[in-house]
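Contents: one structure, followed by commentary.
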Amino acid sequence: MVHVALTIAGSDSGGGAGIQADLKTFQELGVFGTSALTAVTAQNTYGVSAIQSMEPSIITAQIQAVKEDFAVQAVKTGMLFSAEIIQAVAAELRDSGIPLVIDPVMIAKGGASLLRDEAVDALKSALIPLATVVTPNIPEAEVLTGLEIKSESDIERAAEHIMALGAQSVVIKGGHWKEAPFAEDLFVGSEGTRFSVRSPWVDTKDTHGTGCTYSAALAAFLADGESLPEAVISAKCFIHAAIENGLGIGGGHGPTNHWAYNRKGGNLMEGVAVIG
Ligand SMILES: Nc1ncnc2c1ncn2[C@@H]1O[C@H](COP(=O)(O)OP(=O)(O)OP(=O)(O)O)[C@@H](O)[C@H]1O
Ligand SMILES: Cc1ncc(CO)c(N)n1
């Protein structure tokens, strides 16, 4: 039977990030995509020009409508914007028993804020404790932990800190740490599981929506029954193929190529290595 995943995220009119990236990723991975829209952004590859968030009650209603009808096998959250929205989403996900990927989206590539400053506390206290896995980039990990991340040991410390907030596991994505020799993500799970997944850097400006696409792929592989460590590795393979085969559309930070993984053929792990 087909597996069902739910994304709770904002709309990116430019189609490279947000709910559009999530649904394209689910589709490519053979998972039936459902959605609860948290906000509408007017956005393209240059940046965000307007944001309108949804009323929490309509977000709750969307999640309930999906949950009442489908056996959802994985949920991911993206842009949540306000503390009220985070509380509404957390109330629907608490005790659901469904694997939950939290991408703690804060700032768009062009600098626009997708999460109000005062919502960070709600994210930490209400949502992160429900997470199967949290997937911050390095600036997001700094905001969540209050730590300054300058080295590999800082990344490890930040991961432990996020686990201490109650998350079952964390992936700290290395896409913003350009001085590192590889684009390397650290996974830390329960019972001491810890490894890194790395790929060569792709020299491109077309990285709009990499985090959304990555976390959607992670949710899709979980919905499909992969174990968490397997899904972390598979999601890296998906995003690496998507970045490596950029589409060259849009004048700013262009979107990634959601078709690339399926069109790759041969060894899907090519270019990706697991360390530790
Ligand atoms: N230039 C690159 N080359 C190869 N891999 C990359 C590159 N940039 C990012 N990645 C990988 O893409 C994934 C997403 O990481 P990143 O840190 O860019 O997320 P993000 O900042 O949340 O993305 P966004 O905010 O654009 O949605 C990670 O697996 C990271 O290692
Ligand atoms: C709607 C939306 N969600 C997430 C991101 C982060 O990439 C974005 N740019 N736009």
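Both counts, for ligands and for their atoms, begin at 1 and track the order of listing. What you are looking at is a predicted structure, and each value in this text was computed from that prediction instead of being measured. Numbering starts at 1 and runs along the sequence shown. Excluded from the calculations below are hydrogen atoms, water molecules and symmetry mates; all remaining heavy atoms, backbone and side chain alike, are included.
Among all protein heavy atoms, the one lying closest to atom 22 (O) of ligand 1 is Lys173 NZ, 2.7 Å. Scanning the protein for heavy atoms near atom 25 (O) of ligand 1, the closest one is Lys109 NZ, 4.1 Å. The single protein non-hydrogen atom nearest to atom 2 (C) of ligand 1 is Trp201 CE3, 3.5 Å, given as residue, atom name and distance. Among protein heavy atoms, atom 21 (O) of ligand 1 sits closest to His176 NE2, 2.5 Å.
The closest donor-acceptor contact from the side chain of Thr41 to the backbone of Gln52 lies at 3.5 Å or more, if one exists at all. Looking only at distances, no side-chain donor or acceptor of Thr213 sits under 3.5 Å from a matching main-chain atom of Thr210.
Side-chain contact of Asp154 with Ser151: a donor-acceptor pair under 3.5 Å is present, judged by distance alone.
In terms of polar-atom proximity, defined here as any N/O pair under 3.5 Å, Lys178 makes no such contact with ligand 1. Taking only nitrogen or oxygen atoms, main chain and side chain alike, His208 does not reach within less than 3.5 Å of ligand 1. The shortest N or O to N or O distance between Tyr214 and ligand 1 is not below 3.5 Å.
The side-chain heavy atoms of Trp259 and Asn245, taken from C-beta on, include no pair separated by under 4.5 Å. At a threshold of 4.5 Å between non-hydrogen side-chain atoms, the residues Leu222 and Leu228 count as touching. Looking at Gln20 and Ser11, their side chains come closer than 4.5 Å, going by heavy atoms from C-beta outward. Side-chain atoms of Glu156 and Val188, non-hydrogen and from C-beta on, never get closer than 4.5 Å to each other.
Residue contact check: Asp185 has heavy atoms under 4.0 Å from atoms 28 (C), 29 (O), 30 (C), 31 (O) of ligand 1. Near Pro200, meaning under 4.0 Å from one of its heavy atoms, ligand 1 places the atoms 4 (C). The contact set between ligand 1 and Gly209, taken as ligand atoms under 4.0 Å from a residue heavy atom, comprises 26 (O), 27 (O). For ligand 1 and Thr207, the ligand atoms under 4.0 Å from any heavy atom of the residue are 26 (O). Heavy-atom contacts of Val202 reach the following atoms of ligand 1: 1 (N), 2 (C), 3 (N), 4 (C) (cutoff under 4.0 Å).
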Which protein N or O atoms sit under 3.5 Å from any N or O of ligand 2? Give atom names and distances.
unit_1   : atom_1 : unit_2 : atom_2 : d
ligand 2 : 9 (N)  : Gln43  : OE1    : 2.8
ligand 2 : 10 (N) : Gln43  : NE2    : 3.1

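Residues Leu144 and Pro136 approach most closely at CD1-CB, 4.4 Å, considering heavy atoms. Minimum interatomic distance between Ile85 and Met54 (heavy atoms only, all atoms of both residues): CD1-O, 3.8 Å.
Between Tyr261 and Phe221, the angle of the ring planes goes over 60°, which puts this pair in the perpendicular group of the 30/60° scheme. Using the six-membered ring where Trp is involved, Phe70 and Phe32 have ring planes that are tilted, between 30° and 60° apart.
Summarising the contacts of atom 5 (N) of ligand 1 with Ala183, Gly175, Ala141, the nearest heavy atom is found in Ala183. Of the listed options Ala235, Gly211, Pro139, Gly211 places a heavy atom closest to atom 24 (P) of ligand 1. Distances from atom 10 (N) of ligand 1 to the heavy atoms of Ile172, Thr210, Val272, Ile243 show the closest one on Ile243.
Using a 4.0 Å cut-off between heavy atoms, Lys236 contacts ligand 1 through its side chain alone, with no backbone atom that close.
Annotation: Asp95, atom CG; neighbour count of heavy atoms from other residues, nucleotides and ligands within 6.0 Å does not exceed 12. The neighbour count for Glu148 CD, taken as heavy atoms of other residues, nucleotides or ligands under 6.0 Å away, does not exceed 12.
Heavy atoms of Cys212 approach ligand 1 to within less than 4.0 angstrom.
With respect to Leu123, the side-chain contact (heavy atoms from CB on, under 4.5 Å) criterion is satisfied by exactly one of Thr77, Ile86, Val143: Ile86.
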